[in-house]
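Written below as structure tokens is the structure these notes are about.
Counting starts at 1 for both ligands and their atoms, in listed order.
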Amino acid sequence: MALQHMPTLADVLARKTRHADLYDRLPDGRLRCYACGHCCPLPDGAVGVCKVRFNQGGQLFAPWGYVGGVQCDPIEKKPFFHAYPGSVAYSFGMLGCDLHCAYCQNWVTSQALRDPAAVVPPLSTTPEQLVREALRRKARVMVSTYNEPLITSEWAVAVFKEARAAGLATGFVSNGNGTPEVLEYLRPWVDLYKVDLKSFDDRHYRQLGGRLAPVLDTIRRLHAMGFWVEIVTLLIPGFNDSPDELKRLTEFVASVSPDMPWHVTAYHGDYKMTDPPDTTAGMLVEAAAIARQSGLRFVYAGNLPGQVGELEDTRCACCQTTLISRRGYRVGQYRITAEGCCPTCATKVPGRWNNQFQARI
Ligand code: SF4
């Protein structure tokens, strides 16, 4: 009896694709993909670093028509603290990533094509079905997350076009390894953009499979192009927590905009990185103090609820009135006016605000 070939996950995903938009044809016939900062030059038959985009017969193919995971989350979990507080973020992801961080907390979806232990079956769906479900779940925002959304930008844009038509805001939760081309492609359809700035040391980025320069360039461009941007740094003891690195990192963010929120979050052992001790609340508080000295006005310490004092709250940069109090992902007090201002001194609060607070969580 002839042995049947069992389709691999890569075989299954290769069928869930369509022609990509984000590429150029090089003079030698290869295709240059622009979906992420790797800018892979792909000869016929080659697969990109992300393992989900490939050149077949002189056409670039990109993931299409499925999700690897979908969930309703508080928008504070993304984290966005200056965008529609208290609202539901309908969150979807595909599979694959352009980096391979040893501490990834979404490795089951991000590393699905690299690691045989990461087995996630793709669920076929359409943009219309996703948006219908988001509305049924009373979502305010549609977010592409879990895997790296840049490498599946065509699908995200298709979903976001439907989402916009239904009155939803849209967001990316991304490692920021972008290109000018992909940002131009996303700009009409993406409102909110979270960048995970993992380190300020290019050697560290190379350990994770990337480079620092495209991430910094992406952050500058996102701000200049008018996306609402928040930055997150997962503080890993011994990896990116030296005062000097934190000073340079936060000075960079402040140089782009002192109003750009910076979240410093606590590491816990995950995936292939289990050696460093977990980040303590004291370490987060110290990192936050460095960020303040660097000139950042909105600094948050995340994922150790109740242990970091006022570093979960939003305060007016001018008069220090508490505008939003939080405990973990829950919003307590909300005092931003309908015009998006401080009720005490009328200073404008940077961000994207509803006319009135509409907590769904
Ligand atoms: S998305 Fe990035 S890693 Fe994937 S093929 Fe395109 S440039 Fe290469």
Side-chain angles (χ1 to χ4, degrees), residues 9-68 92-102 104 106-107 109-115 118 122 144-160 172-187 189-190 193 195-196 198 202 205-219 221-222:
L9 180 58
D11 294 336
V12 172
L13 291 183
R15 289 199 287 274
K16 293 188 178 299
T17 54
R18 61 144 232 202
H19 288 167
D21 296 333
L22 287 158
Y23 71 96
D24 263 356
R25 217 167 272 283
L26 296 174
D28 61 6
R30 293 181 300 171
L31 305 179
R32 167 91 67 195
C33 176
Y34 286 127
C36 88
H38 290 319
C39 296
C40 299
L42 299 169
D44 190 8
V47 179
V49 171
C50 58
K51 303 208 181 301
V52 297
R53 298 170 75 92
F54 55 90
N55 178 349
Q56 190 174 70
Q59 291 282 345
L60 189 73
F61 286 81
W64 192 262
Y66 78 89
V67 289
F92 65 93
M94 299 186 97
L95 298 174
C97 189
D98 53 329
L99 303 184
H100 47 78
C101 307
C104 183
N106 287 324
W107 65 276
T109 48
S110 71
Q111 303 303 314
L113 285 134
R114 287 199 185 89
D115 188 334
S144 185
T145 176
Y146 304 135
N147 76 318
E148 173 49 47
L150 286 168
I151 66 173
T152 50
S153 286
E154 287 92 344
W155 172 248
V157 163
V159 175
F160 289 169
F172 255 34
V173 172
S174 165
N175 61 30
N177 185 29
T179 64
E181 291 83 357
V182 75
L183 299 185
E184 288 294 339
Y185 183 78
L186 296 171
R187 176 59 287 218
W189 305 108
V190 177
Y193 204 117
V195 176
D196 195 4
K198 297 167 189 290
D202 190 56
Y205 259 97
R206 286 175 193 266
Q207 285 172 22
L208 310 176
R211 290 180 300 127
L212 175 62
V215 181
L216 302 187
D217 186 54
T218 296
I219 292 171
R221 285 178 189 274
L222 286 166

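- For a distance bound of 2.8 Å, the N, O or S atoms of C50 include none lying that close to atom 8 (Fe) of ligand 1.
- Near C39, meaning under 4.0 Å from any of its heavy atoms, are these atoms of ligand 1: 7 (S).
- Side-chain atoms of L212 and R206, non-hydrogen and from C-beta on, never get closer than 4.5 Å to each other.
- Closest protein heavy atom to atom 8 (Fe) of ligand 1: C40 SG, 2.3 Å.
- Rounded to the nearest 0.5 angstrom, L31 CG and Q59 CD are separated by 8.0 Å.
- For ligand 1, the atoms sitting less than 4.0 Å from at least one non-hydrogen atom of H38 are 3 (S), numbered in the order shown with element in parentheses.
- With a 4.5 Å cut-off on side-chain heavy atoms, F172 and L186 count as touching.
- The single protein non-hydrogen atom nearest to atom 2 (Fe) of ligand 1 is C36 SG, 2.3 Å, given as residue, atom name and distance.
- Here is the list of ligand 1 atoms found below 4.0 Å of a heavy atom in I151: 1 (S).
- We find the CE-NZ distance between M94 and K16 to be 9.0 Å, quoted to the nearest 0.5 Å.
- Atom 5 (S) of ligand 1 has G48 CA, 3.5 Å as its closest protein atom, hydrogens excluded (heavy atom only).
- A 4.5 Å side-chain heavy-atom check between F61 and N55 finds every atom pair outside the cut-off.
- No hydrogens or angles considered: a donor-acceptor pair under 3.5 Å links the side chains of D98 and N177.
- Summary of contacts: the protein heavy atom closest to atom 6 (Fe) of ligand 1 is C33 SG, 2.3 Å.
- Under the 3.5 Å distance criterion, with hydrogens and angles disregarded, no donor-acceptor pair is assigned to the side chains of S153 and Y185.
- Under a 4.0 Å criterion applied to the non-hydrogen atoms of A35, ligand 1 contributes the atoms 1 (S).
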